[in-house]
Amino acid sequence: MRHLLLIIAALGLARPALAADLAHGEVLYNARCGACHSPDADRVGPHHRGVVGRVAGTVEGFAYSPALKAAGLTWTPDLLDRWLTKPAALVPGTRMVFRVADPADRADIIAYLESLK
Ligand code: HEC
């Protein structure tokens, strides 16, 4: 038992701390964002293909909150990290209330968003 715990501890240390995991990001995206978003279709939230580098609130035909439309932000990985931490802290008045608490999960999801070109 003690050996098993040591092996588990060693595996934990071997895991790269900050390397984003695209495949895990896709799994998280489907599980957590998929109820409201998809890569190519507008649902409760706007579609995400091309979101990195896009000006916030500019998907044609999507009914954004006035706050997000007026925010004047361009989505970068850093800004997406702040957004997913707490959307209303970045854009008070936004309609998106969903948050991702774990920084590693946010990094993985953002890596997946970056792959949607
Ligand atoms: C419960 C529904 C819901 C969930 C879950 C949700 N979102 Fe959203 N999202 C929205 C809505 C609604 C908007 C539009 C907000 C506004 O207009 O203020 C939005 C907007 C966004 C935008 C801005 C896009 C643009 O065109 O400017 C990004 C980026 C985004 N969401 C990412 C995510 C990610 C990544 C997840 C999963 C971790 C997620 N959202 C989960 C509803 C949701």
Side-chain angles (χ1 to χ4, degrees):
M1 189 60 192
R2 204 156 140 231
H3 286 105
L4 189 62
L5 289 176
L6 283 174
I7 290 166
I8 290 169
L11 287 173
L13 289 176
R15 189 172 174 246
L18 284 171
D21 179 340
L22 182 77
H24 186 232
E26 181 170 10
V27 171
L28 291 175
Y29 180 87
N30 289 332
R32 302 203 196 163
C33 319
C36 296
H37 291 280
S38 91
D40 294 299
D42 297 337
R43 295 184 175 157
V44 176
H47 72 269
H48 276 146
R49 190 170 303 282
V51 70
V52 176
R54 190 161 88 197
V55 177
T58 56
V59 166
E60 196 72 33
F62 182 82
Y64 289 99
S65 64
L68 190 57
K69 272 206 289 206
L73 301 171
T74 298
W75 293 121
T76 61
D78 280 353
L79 214 50
L80 285 164
D81 188 62
R82 287 172 59 195
W83 172 255
L84 295 179
T85 302
K86 189 177 182 189
L90 184 65
V91 181
T94 178
R95 289 197 186 111
M96 178 165 145
V97 292
F98 189 79
R99 296 160 71 165
V100 180
D102 183 342
D105 285 353
R106 289 198 301 274
D108 292 352
I109 291 168
I110 291 163
Y112 175 67
L113 291 175
E114 282 190 281
S115 78
L116 297 176
K117 296 195 158 93

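Start at 1 with the first residue, then count along the sequence. From a predicted model like this one, the values you see are computed outputs, not experimental measurements. Atoms within each ligand, like the ligands themselves, are counted from 1 in listed order.
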In terms of residue, atom name and distance, what is the protein heavy atom nearest to [atom]?
{"atom": "atom 26 (O) of ligand 1", "answer": "Tyr64 OH, 2.6 Å"}
{"atom": "atom 22 (C) of ligand 1", "answer": "Trp83 NE1, 3.6 Å"}
{"atom": "atom 32 (C) of ligand 1", "answer": "His48 NE2, 3.2 Å"}
{"atom": "atom 15 (C) of ligand 1", "answer": "Thr94 OG1, 3.4 Å"}
{"atom": "atom 16 (C) of ligand 1", "answer": "Ser65 OG, 3.3 Å"}
{"atom": "atom 29 (C) of ligand 1", "answer": "Leu80 CD2, 3.5 Å"}
{"atom": "atom 5 (C) of ligand 1", "answer": "Arg32 O, 3.4 Å"}

Using a strict 4.0 Å cut-off to heavy atoms of [X], name the atoms of ligand 1 that fall inside it.
{"X": "Arg54", "result": "25 (C), 26 (O)"}
{"X": "Val100", "result": "38 (C)"}
{"X": "Trp75", "result": "23 (C), 24 (C), 25 (C), 27 (O)"}
{"X": "Ala56", "result": "27 (O)"}
{"X": "Ile109", "result": "35 (C), 38 (C)"}

Quick one: are [X] and [Y] in side-chain contact, heavy atoms under 4.5 Å?
{"X": "Leu79", "Y": "Arg82", "result": "yes"}
{"X": "Trp83", "Y": "Ile110", "result": "no"}
{"X": "Val100", "Y": "Leu28", "result": "no"}
{"X": "His48", "Y": "Ser38", "result": "no"}
{"X": "Met96", "Y": "Leu84", "result": "yes"}
{"X": "Leu80", "Y": "Val52", "result": "yes"}

Problem set entry | Approximate separation, where rounding is to 0.5 Å, of Leu113 CG and Glu26 CD |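 Rounded to the nearest 0.5 Å, the CG-CD separation comes out at 11.0 Å.
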Exercise. For Arg95 and ligand 1, does the shortest N/O to N/O distance drop below 3.5 Å?
Worked result: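 For ligand 1, there is an N or O atom that lies under 3.5 Å from one belonging to Arg95.
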Problem set entry | Any N/O pair Gly57/ligand 1 closer than 3.5 Å |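 For ligand 1, there is an N or O atom that lies under 3.5 Å from one belonging to Gly57.
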Using only atom types and a distance under 3.5 Å, with no angle test, would you say the side chain of [X] pairs donor to acceptor with the backbone of [Y]?
{"X": "Arg54", "Y": "Thr74", "value": "no"}
{"X": "Tyr64", "Y": "Val59", "value": "yes"}
{"X": "Thr94", "Y": "Val91", "value": "no"}
{"X": "Asp108", "Y": "Asp21", "value": "yes"}

For this session: Check each heavy atom of Val91 against ligand 1 and say whether those closer than 4.0 Å belong to the side chain, the backbone, both or neither.
Result: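 The answer is neither; Val91 stays 4.0 Å or more away.
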Exercise. Given that the side chain starts at C-beta and the backbone is N, CA, C, O, which of these parts of Val97 lies under 4.0 Å from ligand 1, counting heavy atoms, or is it both or neither?
Worked result: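 Within the 4.0 Å criterion, Val97 makes no contact with ligand 1.
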For this session: Mind checking how many protein N/O/S atoms fall short of 2.8 Å from atom 8 (Fe) of ligand 1?
Result: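 Protein heteroatoms (N, O, S) closer than 2.8 Å to atom 8 (Fe) of ligand 1 number 2.
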Exercise. Partners of Arg32 by salt bridge (charged side-chain N to carboxylate O under 4.0 Å, His left out), sequence neighbours excluded?
Worked result: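 Per chain and number, Arg32 pairs via salt bridge (charged side-chain N to carboxylate O under 4.0 Å, His left out) with Asp105.
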Exercise. Should the ring pair Tyr112 and Tyr29 be called parallel, tilted or perpendicular, given that the plane angle runs from 0 to 90° and is split at 30 and 60?
Worked result: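 Plane angle between 30° and 60°, so tilted.
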Exercise. Going by atom types alone, do Asp40 and His47 pair a side-chain donor with an acceptor below 3.5 Å?
Worked result: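 The criterion, which ignores hydrogens and geometry beyond distance, is not satisfied for His47 and Asp40.
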